[in-house]
Structures are given as C-alpha cells and as structure tokens.
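Notes follow once the structure below has been shown.
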Amino acid sequence: MTIKSPRTALILLLLVSFFWGAEFVLIDLSVEVLPTHTFNALRFAIAALSLLPLLYFARERIEKGMMPKLLGAGLLLGFLLFIAFYTQTEGLRYTSVSNAGFITGLNVPLVPVLAFLLFRQHARANVWVGVITATAGLYLLTMSDTLALNEGDILVLICAFCFAVHIILTGRFVSTLPVTLLSIIQLTAVMIYSTAAAWLSPDPAFYYPEAAPASWQEQLSSPLIIVSILVAAIFGTAYAFWAQSACQMIIEPHKVALVFATEPVFAHVAAWLFLGEHLGTQGMMGAGLIIAAMLISELGDRKHPPKMEPLDHTAVAE
C-alpha cells in the first residue's frame, strides 16, 4: 500500500498523533497494574501480529541480498523505540507530566538539528521558524513556572533523542526497504527487547495491589487492561508506525516531527474529557502555536518537493 499524496500523508500522520495523545489516559491507568516492560511486550506483540495481513495486500518484493539489510534496519529502529517507550514511561515515575510532555516534544527541534549533524541535511528558513514556534507552543502547553532537571527529566530527554533519531533513520530506510515488512520487524524487535527486559528485571512481571490482590490472569482479564492494550497495540503502535514509515517515503522528517508535535494537544483534550483536567488560557495559546507551526513549515513546499536519499548512499557526518 503506497501513499502518493502529501496531503493524505499529513492526514494519516495527524491521526497517528491523535491516537498517541488520546491513549495517554489509558496507559497512565494501566501501568499502575502492569509494569512498563510487561505492558510494552504485550502491546508490541499484538501490534506486530495485527500488521501481518497487510503483507498479503502490500505484495512487497524482497530483492536478493535485501534481507540482512532489512533485519538490521528493523532491529535498530526497534531498539530506538524500545528505549524511547521505556524511558518515557519510567521518567513519569520521577518527574511531572508537564515536564515529560515538554521534554518529549523536544524531538521536534531535535530532528532538523540531528539531521544536519548526522547527514548534513539542510532545512529551509521557514522550517526553522516552524520549529521555534512549535517549541514555544509546547512550552506554553505543558510547562509550569519552573523547570528543574531530575532523574525523570533526564530519562525523558533520552526518549526525545530516540524518537528524533528514529524519525530521521526511518526517512532514510524507507527509501530502499519494503515498508510493511520493515514495520513488522521493528515492532517484533521491541516485543523481544521488552520481553527480555521483563524477564531480567528484578521487578515482578505483574503488580499485586494490596487493596485488591489478584492473579495475573484476573489482571489481564480486566476490561481496562484489555482495552488499553488493544488500543495502544492496534492504533497507537501497528497503525502508527506503519503510517509513519509509509508517509516518510514522501514527507520530510522535520515535517513528520512537527505533525507529531500536536500529540500534547490531543493528550490534553483526552485528559479534559475523561479526567476533568482543564487546558487553561496558557494551554490554549500553546495549542494554537503548535498548529501555526505546522502551517508555517508547509509554506513553499509545493515548489520544493522533498528529496529522500537512501541511508546506504548518504555520507554520515564524522
């Protein structure tokens, strides 16, 4: 399945951002019962399985000698996702949601910066204006009056770097590799990494709250846990990373990052609807700046279509 229209690609990516933002409420409630590695192992296992039917419809061809490159790319992208999802969730145990939201959003300005440092990939002036605008919007949307770095902030900062590098490398790999198979391999890799981490971790695979002790079978049969895992796996993972890989065949990495900057907006809306949290005047201003940043980054692109080069043919900065 090939995405040919940049407008369609942007809509699909906006849906990804919506699912990621909306699922925050479910995941926040679920990790009180399921440890991070256990939740991610289940999430990514279901996600990988749900993409298998697409292989029939995609009919992707694997050329001779491509499989080692495909496996290497999938394992690398999967490792970046494993670190990103783990550090983001663990960081929330030590820092505020506002700090975590802003620091994760730093992947927006990090994408063009890292793309330049790694591959000397230049972005037009309007892109940098969009990056600055999005960063200001994320600050207003998620930050309080003070910012104090702690262990959680550092963990979430690692998450932001991993997401930024993942976006950049995805844009390179999809130039020469089959998208659907690449998506399945990287999701399977995250499942394997998370399962191994859960097995090696000194923490139990399942929590047993003192107020309501339950077996792991009873915990997994909870409607909240079932819905959370299915929504996160199918919409927030399988669809999300297939759409990202497919859309990055025609959309530049910095534009993908800017679309993903809308994730905190959807997260706040979900929190307002289901948890009674209010966005406030400052938050509304931040959301408006994020939308403005997306529009600013689009200016002039019809005259300057993206030129994606495969990773193997690009010189990495020394």
Listed by chain and number, what are the ring-ring contact (aromatic ring centres under 6.0 Å, His included) partners of Phe241, not counting sequence neighbours?
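Partners of Phe241 by the ring-ring contact (aromatic ring centres under 6.0 Å, His included) criterion, ordered by chain and then number, come out as Trp20, His166.
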By ring-ring contact (aromatic ring centres under 6.0 Å, His included) - contacts of Phe85 (at least two apart)
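Expected list: Phe44, Phe163.
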Minimum heavy-atom distance Ala164-Leu114, with the two atoms named
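Shortest heavy-atom contact: CB-CD1, 3.9 Å.
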Least distance between heavy atoms, Ala233 atom then Ala47 atom:
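Heavy atoms only, the tightest pair is O-CB, 3.3 Å.
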Start with the C-alpha distance between Ser17 and Thr262, add both sets of side-chain angles, then the distance that settles side chain to side chain donor-acceptor pair (under 3.5 Å), and finish with yes or no.
CA-CA 6 Å; Ser17 192; Thr262 60; 2.7 Å; yes
Other than Trp199, which residues form its hydrophobic cluster under the rule that side-chain heavy atoms must be closer than 4.5 Å?
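Hydrophobic cluster check, Trp199: joined to Leu200.
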How is the hydrophobic cluster of Tyr86 composed, in terms of its other members, when Ile, Leu, Val, Met, Phe, Trp and Tyr link through side-chain heavy atoms under 4.5 Å apart, directly or indirectly?
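Members besides Tyr86: none; it forms no cluster.
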Steps toward side chain to side chain contact (heavy atoms under 4.5 Å, CB included) verdict (Val113, Leu117)
CA-CA 6 Å; Val113 172; Leu117 293 176; 4.1 Å; yes
CG on Leu80 to CG on Leu75, rounded to 0.5 Å
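Interatomic distance, Leu75 CG to Leu80 CG, rounded to 0.5 Å: 11.0 Å.
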I'd like to know if the side chain of Ser194 and the backbone of Met191 have a donor-acceptor N/O pair within less than 3.5 Å.
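Such a contact is absent between Ser194 side chain and Met191 backbone.
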For Val174, is there any backbone N or O sitting under 3.5 Å from a side-chain donor or acceptor partner on Gln248?
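No, the answer is negative, given that no donor and acceptor are paired below the 3.5 Å cut-off.
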Taking Ile251 as the fixed residue, which of Leu12, Val259, Val256 is the one that meets the side chain to side chain contact (heavy atoms under 4.5 Å, CB included) rule?
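Answer to the side chain to side chain contact (heavy atoms under 4.5 Å, CB included) test with Ile251 among Leu12, Val259, Val256: Val256.
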Set out, in order, the CA-CA distance, both residues' side-chain angles and the distance that settles side chain to side chain contact (heavy atoms under 4.5 Å, CB included) for Tyr239 and Ile234, then state yes or no.
CA-CA 6 Å; Tyr239 164 76; Ile234 297 174; 5.9 Å; no
Kindly check if the number of other-residue, nucleotide or ligand heavy atoms within 6.0 Å of CZ (Phe235) is above 12?
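Atom CZ in Phe235 is not packed in, count stays at 12 or less.
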Is the number of heavy atoms from other residues, nucleotides or ligands under 6.0 Å of Phe18 CZ greater than 12?
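It does not: Phe18 CZ has 12 such atoms or fewer within range.
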Please determine whether residues Phe79 and Ile184 belong to a single hydrophobic cluster, defined as Ile, Leu, Val, Met, Phe, Trp and Tyr linked transitively by side-chain heavy-atom distances below 4.5 Å.
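Yes, because Phe79 and Ile184 connect within a single hydrophobic cluster, where side-chain heavy atoms sit under 4.5 Å apart.
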Contacts of type side chain to side chain donor-acceptor pair (under 3.5 Å), residue Thr133, not counting sequence neighbours
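For Thr133 there are no side chain to side chain donor-acceptor pair (under 3.5 Å) partners, ignoring immediate neighbours.
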Of all pairs that satisfy side chain to side chain donor-acceptor pair (under 3.5 Å), the ones with a partner from residues 107-119, not counting sequence neighbours:
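Residue pairs passing side chain to side chain donor-acceptor pair (under 3.5 Å), neighbours aside: none found.
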